[in-house]
Amino acid sequence: MKFAKMQGTGNDFICVDCFREKIVHPHSLARRLCDRHFGIGADGLLLLLPSAAADCRMELYNRDGSAAGMCGNGLRCAGAYLNAHLLPQRQEMIIETRAGLKRLWKKEGGYRVDMEAPRLEAHALPVLSERGLVIEEAFSVEGKTVTLTCVSMGNPHAVCFVEKTEEAELELLGRALEHHHRFPEGVNTEFVEIVDEEHLKVRVWERGCGETMACGTGACAAVVAGALTGRCGRSASVRLPGGTLTVEWEQGGPVFLEGPAEEVFSGEIPAV
Ligand SMILES: N[C@H](CCC[C@H](N)C(=O)O)C(=O)O
C-alpha cells in the first residue's frame with residue numbers, strides 16, 4: 001500500500017489515496033500505522049476517496065482508531081495532496097467530510113478553508129459575567145472546577161481559558177474531559193491563553209490522540225469561544241506548539257482557517 005506522510009503545523013497524518021488503494025478495516029489500520037514505534041507514526045489516518053459531490057471525500061481516523069467528523073489540519077493536507085498528485089492546477093477545491101462539504105483555496109504557503117459556522121451546544125445559555133453575557137459552563141473535573149465554552153466545528157470542542165498554557169494541567173484535565181459523562185462521544189479540549197485581542201496561544205488535548213502539536217478545528221473553537229466570552233476579537237492569530245494558524249469568524253457566518261500543509265515523504269508498506 002502506497003502512502004504519503006503529511007503535516008500541517010506539526011499535526012501529522014498518514015494519507016492514503018483511495019482512488020488507487022482499497023482500505024477494508026480503517027479503524028484497526030489507523031491504530032497500527034499511527035503507532036510511533038511499531039508503525040509509521042502519526043496523529044491520524046487520512047483517507048482520500050472518490051465523491052459524487054466533491055473533488056474527493058476525506059475520512060479521518062484518530063490514532064486510537066476512532067473516526068472523527070472534521071479535521072481542519074487534515075483538510076489542508078488533503079488539499080496539498082490533491083494539488084501534488086491528482087489536481088495539480090486546481091486553485092479551489094471542495095472536499096466532502098462527515099460534517100458536510102468544505103471549500104478550500106490554495107494560498108501562498110498553504111490553504112484557506114471555509115470551516116462553516118460553529119455550532120453551540122443546544123443547552124448552552126448565555127450567563128452574565130463581568131464581560132457581559134457570555135456562554136460558559138462550570139464543570140467539576142478531577143476535584144477541580146473548570147469553566148468551559150463548548151463549541152462544535154463538526155467535531156466537539158471544550159475550550160478552557162488559562163493564564164499560561166505552559167502551566168495547564170493538559171493531560172489530567174484533557175483526558176478526564178475526553179471521558180467525561182457530559183461528552184458521551186468524547187471531546188477535544190483546548191487550553192487557551194489570551195495574549196491580546198488578536199493573538200491567542202493554544203495547546204490541545206485531542207480526542208483519540210492525546211496532546212498534538214496543533215488542531216485546526218481546535219484553533220477555530222478557541223477563537224469562537226474567545227469572541228463569545230468577550231476575551232478576544234473574531235479574527236486572531238493562534239500560536240500552537242507546532243506553528244501558527246489564522247482564524248477569522250465572519251459576523252453571523254462561517255469560520256475561515258488558514259495555514260500551511262506539506263507532504264513530508266511518501267512510502268510503501270506491504271499490502272494490508
Ligand atoms: N481528534 C479530532 C479529529 C482531528 C482534528 C484535528 N487534528 C484538526 O486539525 O482539526 C476529533 O476526534 O474530533
Side-chain angles (χ1 to χ4, degrees), residues 5-15 26-27 30-31 33-34 41-48 58-81 95 97-100 102 104 110-116 118-119 121 150-159 170-171 174-175 177-180 182-192 200 202-225 238-247 249 254-262:
K5 183 74 189 313
M6 311 294 294
Q7 68 86 11
T9 47
N11 195 195
D12 59 343
F13 306 97
I14 298 157
C15 181
H27 300 275
R31 282 193 293 275
L33 297 188
C34 291
D43 292 328
L45 173 65
L46 198 63
L47 304 185
L48 301 184
M58 178 186 89
E59 290 184 0
L60 190 278
Y61 297 87
N62 290 311
R63 187 185 305 159
D64 70 353
S66 59
M70 248 298 273
C71 182
N73 290 326
L75 275 169
R76 299 199 317 278
C77 288
Y81 183 88
I95 296 180
T97 73
R98 291 188 179 90
K102 308 294 178 183
L104 63 157
Y111 289 82
R112 179 180 174 81
V113 186
D114 179 347
M115 302 287 281
E116 297 190 288
R119 282 199 320 278
E121 297 285 319
C150 297
V151 176
S152 171
M153 291 303 304
N155 58 345
H157 292 270
V159 179
L170 184 130
E171 176 154 7
R175 192 187 299 276
L177 285 166
E178 181 180 1
H179 302 292
H180 194 281
R182 163 72 174 68
F183 302 108
E185 294 182 357
V187 73
N188 303 285
T189 302
E190 284 76 33
F191 297 85
V192 181
L200 278 59
V202 175
R203 288 174 66 197
V204 190
W205 178 271
E206 279 201 41
R207 174 178 64 171
C209 293
E211 180 169 13
T212 57
M213 297 288 278
C215 177
T217 49
C220 296
V223 173
V224 169
V238 179
R239 184 146 56 92
L240 300 117
T244 298
L245 295 172
T246 303
V247 177
W249 180 22
V255 179
F256 291 93
L257 171 69
E258 194 160 334
E262 68 162 350

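Remember, it's 1-based here, ligands and their atoms both numbered in the order they're listed. One-based numbering along the sequence shown.
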Closer than 4.0 angstrom, basic N to acidic O: yes or no for R31 and D64? no
Just to verify, what does F183 make a ring pair (Phe, Tyr, Trp, His ring centres under 6.0 Å) with, not counting sequence neighbours? F139
Heavy-atom contacts under 4.0 Å to ligand 1, chain-then-number order, include exactly N11, L60, N62, A68, M70, C71, G72, N73, N155, N188, E206, R207, C215, G216, T217
How about W205 and E171: does a side-chain donor come under 3.5 Å of a side-chain acceptor? no
When T217 is tested against each of E190, E206, H157 for side-chain hydrogen bond (donor to acceptor under 3.5 Å, both in side chains), which residue passes? H157
Name all residues meeting the ring pair (Phe, Tyr, Trp, His ring centres under 6.0 Å) criterion together with Y81; count only those two or more places apart in sequence or in a different chain, and write none if there are none. H85
With sequence neighbours excluded, residues passing ring pair (Phe, Tyr, Trp, His ring centres under 6.0 Å) with F191: none
